[in-house]
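Report on the structure given below.
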Amino acid sequence: MKIATWNVNSLKVRLPHVLQWLEAAQPDVLAVQETKTVDENFPLAEIEAAGYKSVFSGQKTYNGVAILSKVEASEVVTDIPYLDDPQRRILAATVDGVRVVNLYVVNGSEVGSEKYAYKLDWLAKVTAWLQEQVTQYPKLVVLGDFNIAPEDRDVHDPVAWEGQILCSEPERTALQTIQSLDLSDVFRQFEQPEKAFSWWDYRAAGFRRNLGLRIDLILASKALSESCTRCVIDREPRTWEKPSDHTPVVAEFAE
DNA sequence: ATGGTGGTCCAACCA
């Protein structure tokens, strides 16, 4: 089973890229973040024509998450206990016996800001919910745009980024707490190239200079991580015309 | 040291 995550930064603008990538990569599941599309406008038909079912939780202008899958998803959840939040950042569904939790984690803007406090609070509440999910679903994958670079090796310039948003200790600790629920960052189960990133700022020619961060993650429960055979970052879509600032991350699991 | 690009939607926000 091939499972991928991609922050597309507007599904409307990026639909041709998504369709092109699905056609080439043929994942079983693609978790999409930042669709920025209300449910009424979701491009169901175009995605269906590419051979994929969709479930989604959309919002105007901001956020929005979706799960595209070859096999129809079931048990769809968009809201969790203790987090009464209009922002559409969470989407859970079961695909072919695997529980898929798609997260678009709060960016947080700047350490110490109101949005930063919201990020840490959001993470704490989501973590409490994930703790239940781990016991409820042995085959669980939690993936998406975490807006946290787990370690210094996931940052192009760890000195410049030290203590900054996406890299601060409270954020990293929050991520470690999630990982401590026996959710493994499958990318690090394999030998990887140096300076492997999944996001590059549009500004200052970030991609050309590889000034990136690895903030798009695939975490898998023990039962699944043990069967993971491969995890790679596919940089190609980031080279296409008018790309998202993120590129897909793909994991493969043995049947 | 600052600001730079891009999406949404036309001023200002979010990233």
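In what follows, chains carry the letters A, B, and so on, assigned in the order in which the sequence lines appear, proteins first and then strands, with residues in each chain numbered from 1. We use all heavy atoms of the structure for the numbers below, so side chains are in, but hydrogens, waters and symmetry mates are not.
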Do any side-chain atoms of residues 162-169 of chain A form donor-acceptor pairs under 3.5 angstrom with protein atoms, and if so which ones, sequence neighbours left out?
| residue | atom | partner | partner atom | Å |
| --- | --- | --- | --- | --- |
| A:Ser168 | OG | A:Tyr116 | OH | 2.8 |
| A:Ser168 | OG | A:Glu171 | OE2 | 2.5 |

Inset, instruction - Quick one: stems involving DNA chain B, counted as three or more successive Watson-Crick or G-U pairs, both distances short of 3.5 Å. - result: B:5-8 with B:12-15

Inset, instruction - Supply the members, apart from A:Leu22, of the Ile/Leu/Val/Met/Phe/Trp/Tyr cluster built from side-chain contacts under 4.5 Å; use none for a lone residue. - result: A:Trp6, A:Val8, A:Leu11, A:Leu15, A:Val18, A:Leu19, A:Trp21, A:Leu30, A:Val32, A:Phe42, A:Leu44, A:Ile47, A:Tyr52, A:Phe56, A:Leu68, A:Val232, A:Trp240, A:Val250

Legend entry - Atom CD of A:Glu110: over 12 foreign heavy atoms under 6.0 Å: no

Legend entry - With sequence neighbours excluded, residues passing salt bridge (Lys or Arg N to Asp or Glu O under 4.0 Å) with A:Asp154: A:Arg188, A:Arg214

I'd like a list of close polar pairs between nucleotides 12-15 of chain B and the protein, N/O only, cut-off under 3.5 Å.
| residue | atom | partner | partner atom | Å |
| --- | --- | --- | --- | --- |
| B:dC14 | OP2 | A:Lys115 | NZ | 2.3 |

Legend entry - Span that lies between the C1' atom of B:dA15 and that of B:dG4, in whole angstrom: 14 Å

Inset, instruction - List in chain and number order the residues that pass salt bridge (Lys or Arg N to Asp or Glu O under 4.0 Å) with A:Asp182, two or more places apart in sequence or in another chain; answer none if no residue qualifies. - result: none

Legend entry - A:Arg14 side chain near B:dG6 phosphate (N/O to OP1/OP2, under 4.0 Å): no

Inset, instruction - Mind checking side-chain hydrogen bond (donor to acceptor under 3.5 Å, both in side chains) for A:Lys222 and listing every partner two or more places apart, or none if nothing turns up? - result: A:Glu226

Legend entry - Given DNA chain B, 5'-ward residue of the pair A:Asn9 and A:Ala204, judged by closest heavy atom: A:Ala204

Inset, instruction - Not counting sequence neighbours, which residues clear ring-ring contact (aromatic ring centres under 6.0 Å, His included) with A:Phe207? List them please. - result: A:Trp200

Inset, instruction - Could I get the full list of side-chain hydrogen bond (donor to acceptor under 3.5 Å, both in side chains) partners for A:Tyr62, not counting sequence neighbours? - result: none

